[in-house]
**Student:** 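Sharing a structure here in structure tokens format.
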Amino acid sequence: MTHQEPLDLGATDLPEAEEARVRRAHDLDRPEVFDRRNDVDRRSRTRANLLPEESRTGSADPQAQAREVLRDSDVRTEVPESAPDTMAERRESDA
């Protein structure tokens, strides 16, 4: 299954030119390349096995749901400045 639409960075504080550079650097406008590089197909098949708490609520398409969760996680890992309003704050230790 291939994903055709560009991947979403969410709201960022990046200037437009920088966001365009980030999108090119991480293949966000070429989701089939992003998926292949991050092995999303294989990982989504494994992740599609619902956890007990997920089974209770069910899913019409567990593999598609897993694919989107993995893509979102991969984007946030590769582009830490994506969706800054949902990022955890990182602090340096004083010790």
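In this text the structure is predicted, and so the values were computed from the model without any measurement.
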**Student:** Distance from L14 atom CG to R21 atom CZ, nearest 0.5 Å?
**Tutor:**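 Interatomic distance, L14 CG to R21 CZ, rounded to 0.5 Å: 8.5 Å.
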**Student:** Check for a donor-acceptor pair, side chain of D27 on one end and backbone N or O of R30 on the other, with a separation under 3.5 Å.
**Tutor:**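 No, D27 side chain to R30 backbone: no donor-acceptor pair under 3.5 Å.
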**Student:** With rounding to the nearest 0.5 Å, note down the distance linking CZ in R45 to CZ in R67.
**Tutor:**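 Answer for the CZ-CZ pair, R45 versus R67, is 8.5 Å.
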**Student:** Quick one: closest heavy-atom pair of R23 and L7, and the distance?
**Tutor:**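 In this case the closest contact between R23 and L7 is NH2-O, 2.7 Å.
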**Student:** Identify the two heavy atoms, one from Q63 and one from D41, that lie closest to each other, and give their separation to 0.1 Å.
**Tutor:**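 Heavy atoms only, the tightest pair is NE2-O, 4.3 Å.
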**Student:** Once you round to the nearest 0.5 Å, how far does CD of E68 lie from CZ of R71?
**Tutor:**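 If I round to the nearest 0.5 Å, the distance is 4.5 Å.
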**Student:** For A48 and A66, work out which heavy atoms get closest and say how close.
**Tutor:**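 In this case the closest contact between A48 and A66 is N-CB, 3.9 Å.
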**Student:** Cluster question for you: counting only ILVMFWY and a side-chain heavy-atom cut-off of under 4.5 Å, with indirect links fine, are L70 and V75 together?
**Tutor:**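 No, because L70 and V75 fall into different hydrophobic clusters, even though each may have its own neighbours under 4.5 Å.
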**Student:** In terms of side-chain geometry, is the basic nitrogen of R24 or E19 positioned less than 4.0 Å from the acidic oxygen of its partner?
**Tutor:**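 Judged by the 4.0 Å cut-off on N to carboxylate O distance, R24 and E19 do not form a salt bridge.
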**Student:** Please list, chain by chain and in numerical order, all residues satisfying side-chain hydrogen bond (donor to acceptor under 3.5 Å, both in side chains) with S59, sequence neighbours excluded.
**Tutor:**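 Partners of S59 by the side-chain hydrogen bond (donor to acceptor under 3.5 Å, both in side chains) criterion, ordered by chain and then number, come out as Q65.
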**Student:** Looking only at non-hydrogen atoms, find the nearest pair between F34 and H26 and report the distance.
**Tutor:**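 Heavy atoms of F34 and H26 come nearest at CD1-O, 3.2 Å.
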**Student:** So, using side chain to side chain contact (heavy atoms under 4.5 Å, CB included) as the criterion, who are the partners of D8 when residues are at least two apart?
**Tutor:**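 If we apply the side chain to side chain contact (heavy atoms under 4.5 Å, CB included) test to D8, skipping adjacent residues, there are no hits.
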**Student:** So how far is it from T12 OG1 to E81 CD, rounded to the nearest 0.5 Å?
**Tutor:**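 Answer rounded to 0.5 Å: 8.0 Å.
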**Student:** Let me confirm one number: the CG-OG distance from N38 to S44, rounded to the nearest 0.5 Å.
**Tutor:**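 One finds 12.0 Å between CG of N38 and OG of S44.
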**Student:** Using salt bridge (charged side-chain N to carboxylate O under 4.0 Å, His left out), reason through R43 and D74 one step at a time and then give a plain yes or no.
**Tutor:** CA-CA 11 Å; R43 292 169 52 221; D74 289 346; 2.8 Å; yes
**Student:** Which residues pass the side-chain hydrogen bond (donor to acceptor under 3.5 Å, both in side chains) test with N49, not counting sequence neighbours?
**Tutor:**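 Here no residue qualifies.
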**Student:** Within a 6.0 Å radius of atom CD on E16, are there more than 12 heavy atoms belonging to other residues, nucleotides or ligands?
**Tutor:**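 12 or below, so no.
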